[in-house]
Amino acid sequence: MAAPVSPAQAPAEAALRCRGLVKHYGDVKAVDGIDLEVPRGTCFGLLGPNGAGKTTTLEMIEGLTPPTAGRIELFGQSWGEGHDRELRRRLGVQLQETRLPEKLTVTDLLRLFRSFFPGGRSVEEAIAVVQLEEKRDARVEKLSGGQKQRLSLACALVGDPELLFLDEPTTGLDPQARHKIWEIVDDFRRHGGTVLLTTHYMDEAAHLCESLVILDHGKVIAAGAPRELVASLGAEQILELTLAGDREGPADRLAALPGVSSVTRRDGQLVMSITDMGAALPALLQLLEREGLAVATLTTHQATLEDVFVKLTGRGLREA
């Protein structure tokens, strides 16, 4: 396993740079002019709804599909310039959906993947990293969904890559299985590895990523560290309010209340960005009582990356 890399030891070049990345399928612009830069030793996230261009972007960077336009550099080198074999030895890839041979055992499958690389981890080490020691002799078909995901991740790690690609690695997994994947990714990054992750789980991105971009319709609509993006809302909490009788409510007067930074409408709800809940909530209830408006539902939560997406697009990530 690669030794940890301190900031003073880290090479100057980024693990990944993309400039003007474009991918067209006929008249469809799947990716429309994306710029990315991923420092070594970090986890970088690509977020967005299904169809936003996340997987297409990843496949171009991995060398699986050629871009229509733009340039991709991995460790200062590009695909198709005589470095492809060397680059592939430095990458680990977990696809969004991996079909593993069902009749092979965990050990046999990892031994097969290990044979593709001139160096790397031992099979036993790869099994230990993903905590599948008790399943080393089990056939793939006997594994649970979470165990198969960890085995797929072990296949990506067995060559001891410098850059690890994870395409929605925890989709469909239960919370316990998701957190095991997170632990593995965190450990890989702590030991100097770089991760490029696609996900539509905002909590996953907030936990794993030092920086990220949010994609929509093939374009970058926001970029930065998770905390910076959430802070850009200018709110600590979000209050979602539905009035009885499908009433729209006085959004302009709500926005003028103390402790309220903004109010938007979304699917019959009033969505209020709150800087001071102690001031905002009493003032809100007084205004509703004064105007004879009854509350149907009222919920609050801490501001999240999901709220950033809603502010930028006017819809939720899942709705998109």
Side-chain angles (χ1 to χ4, degrees), residues 1-2 13-18 21 23 30-31 34-48 50 52-67 70-80 83-100 110 113-114 116-117 120-121 126 129-130 148-171 173 178 181-182 184-201 204-205 207-213 215 220:
M1 187 172 187
E13 80 266 16
L16 166 68
R17 285 192 181 95
C18 298
L21 200 56
K23 184 63 178 180
V31 176
I34 289 178
D35 295 336
L36 300 174
E37 184 159 331
V38 181
R40 289 194 180 204
T42 64
C43 182
F44 188 93
L46 298 177
L47 279 68
N50 291 333
K54 303 188 304 296
T55 295
T56 302
T57 299
L58 216 60
E59 289 176 347
M60 287 189 286
I61 296 170
E62 293 163 349
L64 297 178
T65 186
R71 181 170 178 83
I72 299 165
E73 292 183 0
L74 297 164
F75 308 107
Q77 299 176 331
S78 296
W79 296 112
H83 310 294
D84 289 16
R85 182 182 292 272
E86 177 188 346
L87 282 176
R88 293 195 189 284
R89 290 174 176 174
R90 303 174 75 177
L91 309 181
V93 178
Q94 183 184 31
L95 301 175
Q96 189 175 116
E97 184 177 359
T98 304
R99 300 285 185 177
L100 300 174
L110 285 171
F113 272 78
R114 177 63 184 80
F116 301 153
F117 298 91
R121 305 169 188 258
V129 165
V130 298
K148 287 181 179 179
Q149 284 291 80
R150 279 188 278 155
L151 177 56
S152 176
L153 186 50
C155 292
L157 291 171
V158 74
D160 201 14
E162 297 173 56
L163 175 57
L164 179 63
F165 295 92
L166 302 176
D167 194 359
E168 299 190 13
T170 64
T171 297
L173 299 186
R178 289 181 70 206
I181 298 292
W182 292 3
I184 296 165
V185 175
D186 278 335
D187 184 67
F188 175 79
R189 185 187 53 76
R190 280 195 299 268
H191 284 83
T194 306
V195 181
L196 186 58
L197 166 79
T198 75
T199 182
H200 54 248
Y201 293 127
E204 184 163 277
H207 175 86
L208 292 174
C209 299
E210 285 96 339
S211 57
L212 56 89
V213 297
L215 304 179
V220 174

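Along the sequence shown, the residues carry numbers beginning at 1.
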For [Y], is there any backbone N or O sitting under 3.5 Å from a side-chain donor or acceptor partner on [X]?
{"X": "K54", "Y": "G48", "answer": "yes"}
{"X": "K23", "Y": "P66", "answer": "yes"}
{"X": "T199", "Y": "Y201", "answer": "yes"}

| For F113, what residues pass the ring-ring contact (aromatic ring centres under 6.0 Å, His included) criterion, not counting sequence neighbours? |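 With neighbours one apart ignored, the set is F116.
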| ring-ring contact (aromatic ring centres under 6.0 Å, His included) partners of H207, counting only residues at least two apart |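 Only W182 meet the ring-ring contact (aromatic ring centres under 6.0 Å, His included) criterion with H207.
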For [X], give me all partners under side chain to side chain donor-acceptor pair (under 3.5 Å), at least two apart in sequence or on another chain.
{"X": "R90", "value": "E162"}
{"X": "R189", "value": "E210"}
{"X": "R71", "value": "E73, S78, E81"}
{"X": "E86", "value": "none"}

Are the side chains of [Y] and [X] in contact, using a 4.5 Å heavy-atom criterion?
{"X": "T171", "Y": "H200", "answer": "yes"}
{"X": "L16", "Y": "I61", "answer": "yes"}
{"X": "Q149", "Y": "I184", "answer": "no"}
{"X": "F165", "Y": "E59", "answer": "no"}
{"X": "F117", "Y": "P161", "answer": "no"}
{"X": "C18", "Y": "D35", "answer": "no"}
{"X": "V38", "Y": "L163", "answer": "no"}
{"X": "L46", "Y": "L36", "answer": "yes"}

What is the minimum heavy-atom distance between [X] and [Y], and which atoms define it?
{"X": "V31", "Y": "M60", "value": "CG2-CE, 3.8 Å"}
{"X": "F44", "Y": "S211", "value": "CD1-OG, 3.2 Å"}
{"X": "F75", "Y": "L87", "value": "CD1-CD2, 4.4 Å"}
{"X": "F188", "Y": "R121", "value": "CD1-NH2, 4.2 Å"}
{"X": "A14", "Y": "E37", "value": "CB-CG, 3.9 Å"}
{"X": "R150", "Y": "V130", "value": "NH1-O, 3.0 Å"}

| said: Tell me which one of L157, L91, T194 satisfies side-chain contact (heavy atoms from CB on, under 4.5 Å) with L164. | reply: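 Exactly one pass, corresponding to L157.
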| task | Among L153, L95, L196, I181, find the one that has a side-chain contact (heavy atoms from CB on, under 4.5 Å) with L166. | result | L153
Straight-line distance of [X] [atom1] to [Y] [atom2], nearest 0.5 Å:
{"X": "L197", "Y": "E168", "atom1": "CG", "atom2": "CD", "result": "9.0 Å"}
{"X": "T42", "Y": "L212", "atom1": "OG1", "atom2": "CG", "result": "11.0 Å"}
{"X": "W79", "Y": "T65", "atom1": "CH2", "atom2": "OG1", "result": "12.5 Å"}
{"X": "Q77", "Y": "D84", "atom1": "CD", "atom2": "CG", "result": "9.5 Å"}

| field | Verdict with supporting geometry, V220 and L215, side chain to side chain contact (heavy atoms under 4.5 Å, CB included) | value | CA-CA 5 Å; V220 174; L215 304 179; 3.6 Å; yes
